[in-house]
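Remarks on the structure that follows.
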Protein chains: 2
Amino acid sequence: MGTKGEGNRQRIVSAADNLFYRNGYNQTSFQDISDATGIPRGNFYYYFKTKDEILNAVVDSRVAELSTMLQQCEAATADARERLHLFTDMLEFKRDDVLQSGCPIGTLSSELAKAHGAVNDDSASDGLRQDRSGQELSRPEISRQEKSKQVFLLLRDWVQKQFAALGVDDAADLAMDLLARMQGVTVMACAFKDADFMRRSHREINDWIDMKTRNA
Amino acid sequence: MGTKGEGNRQRIVSAADNLFYRNGYNQTSFQDISDATGIPRGNFYYYFKTKDEILNAVVDSRVAELSTMLQQCEAATADARERLHLFTDMLEFKRDDVLQSGCPIGTLSSELAKAHGAVNDDSASDGLRQDRSGQELSRPEISRQEKSKQVFLLLRDWVQKQFAALGVDDAADLAMDLLARMQGVTVMACAFKDADFMRRSHREINDWIDMKTRNA
DNA sequence: GTCTATATCGAGATAGAC
DNA sequence: GTCTATCTCGATATAGAC
């Protein structure tokens, strides 16, 4: 293919984004991304040194895409309560995907919270693990989870801003509560493949938003 | 080791249970279980034909363990509202584990919801995938997720029973709502490593239970 | 910039001695 | 029942031709 390099980079990130969501990060191979894009495996190392760098690019891409979506929510209405309702509408737009694969942000975060290698049951050593030369062992899952957290941080801060605009005094708590409720709905709806539960919960979350911001 | 066989089987299941939780199912190797138990890799195939069978045994073990815990909740008090509060106390007992690795049930369910192999973007074929001989391809992730769902079903039915005993007319919905709220709390608390959020949410979930069952 | 060939490792699973 | 040796496959990653 004679297309320009940066175009290929974007296609890799886009395919990886989709595959990380559908199949999970650990279960997605370079071959899978190669099959989805038509770009040969070896070329990936021209754009990314490691699989972790692809993950970084995917998270950056998700942050950028969600930023755009949140800006559109702000452009659509000046009423912060309406903006929050537009935000929860994701439960409706993405219903089929959520039922099949859960929330892209939540499931990635949960997956990356899992460690690699042996489980440390040893109660004698409570410091960082060290190798024979005394250096700390690198733990990639730590930085990976920190990276994936960026998407949640973006959403939390935006939701908090909307609650604050409505004059509540616990906007930070309410922001975490809203995200937690949406996460809980996606986990249970996906586990039970229950679309009706998603619809009902969507309504009740909107009612909860209205109730919490009634004095605005 | 000259210990009896069934003892070894239990030790394998127990170690796998812990490793599936801390490291994830897909990221747990037979070598990891071997290291944790001292039982050589090859012996696993005397007790289990495949890794899937180990997963089945782990889920059965979790169902049995949780059944015991729920029976203890019932033995502790005849007040169904008190029983539900004892149930939510898991958010307190298991706080450190949840902060590190999330909920064992929810994260396993989310992990097993992810597919294997290529993502089907092809809109022309909307039936089951077939191989060249026309047979349906087996999709182990389907039966795996169905199996893991058993733990959620146990909890949902028990919670529903408690709500029903309190005379509410939407016990089934409330059971799903309670599990969803707890799942949401664990996902966000683990992502943000926020113990305070867990404590606060625990209180608010208990308040919500009391509110929903006020007329009992 | 693009692609093929390959190195290296660890996974799940099997065979067969004891 | 227990254990070692090994098979086969697919993973990430690298080397180097074009």
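A note on names: the letters A, B, ... follow the listed sequences, proteins ahead of strands, and every chain is numbered from 1.
- We find that CG of A/L19 is positioned 12 Å from P of D/dA11, with the value rounded to whole Å.
- Rounding to whole angstrom units, CD1 of residue A/I33 and P of D/dT12 are separated by 8 Å.
- Counting to the nearest Å, the C1' atom of C/dT14 and the CD atom of B/E53 are 15 Å from each other.
- With a 6.0 Å cutoff to the six-membered ring centre and a 45° limit on the axis angle, A/K114 does not count as a cation-pi contact of B/Y21.
- Nearest nucleotide to the side chain of A/K51, out of D/dT12, D/dT2, C/dC3: D/dT12.
- Here A/Y45 does not reach the OP1 or OP2 of C/dT2: none of its side-chain N or O atoms lies under 4.0 Å away.
- Contact annotation: B/S29 side-chain N/O to C/dG10 OP1/OP2 distance is not under 4.0 Å.
- Within 4.0 Å (heavy atoms only), A/F30 reaches sugar-phosphate atoms of the nucleic acid but no base atom.
- Within the 4.5 Å cutoff, the side chain of B/R199 has heavy atoms near those of the B/R95 side chain.
- For C/dT6, the base has a donor-acceptor partner in the side chain of A/R41 [N/O atoms by modelled type, under 3.5 angstrom].
- Closest contact between the side chain of A/Q31 and the listed nucleotides D/dA11, D/dT4, D/dG1 involves D/dA11.
- Phosphate contact (OP1/OP2 of C/dC3, side-chain N/O of A/N43, threshold under 4.0 Å): present.
- For B/N8 and D/dT2, the shortest distance from a side-chain N or O to OP1 or OP2 is below 4.0 Å.
- In summary, of the residues considered (A/D60, A/T50, A/L112, A/D17), a side chain to side chain contact (heavy atoms under 4.5 Å, CB included) with A/L55 occurs for A/L112 alone.
- Rounded to whole Å, atom P of D/dA11 lies 17 Å from atom CG of A/D52.
- Contact annotation for B/T28: backbone-only contact, meaning every heavy-atom pair under 4.0 Å involves sugar-phosphate atoms and none involves a base.
- B/F48 has its CZ atom 16 Å from the C1' atom of D/dT2, to the nearest Å.
- The ring of B/Y45 has its center closer than 6.0 angstrom to the ring center of B/F30.
- Distance A/N26 CG to C/dG10 P: 16 Å, rounded to the nearest Å.
- Nearest nucleotide to the B/T50 side chain, out of C/dT2, C/dA13, D/dA13: C/dA13.
- The phosphate of D/dC3 has neither OP1 nor OP2 within less than 4.0 Å of any side-chain N or O from B/Y46.
- Heavy-atom minimum distance, A/V187 versus B/G106: CG1-CA, 4.4 Å.
- Here the P atom of nucleotide C/dC3 and the CD1 atom of A/I39 are 8 Å apart, to the nearest Å.
- A straight line from CG of B/D35 to P of D/dC3 spans 15 Å, rounded to a whole angstrom.
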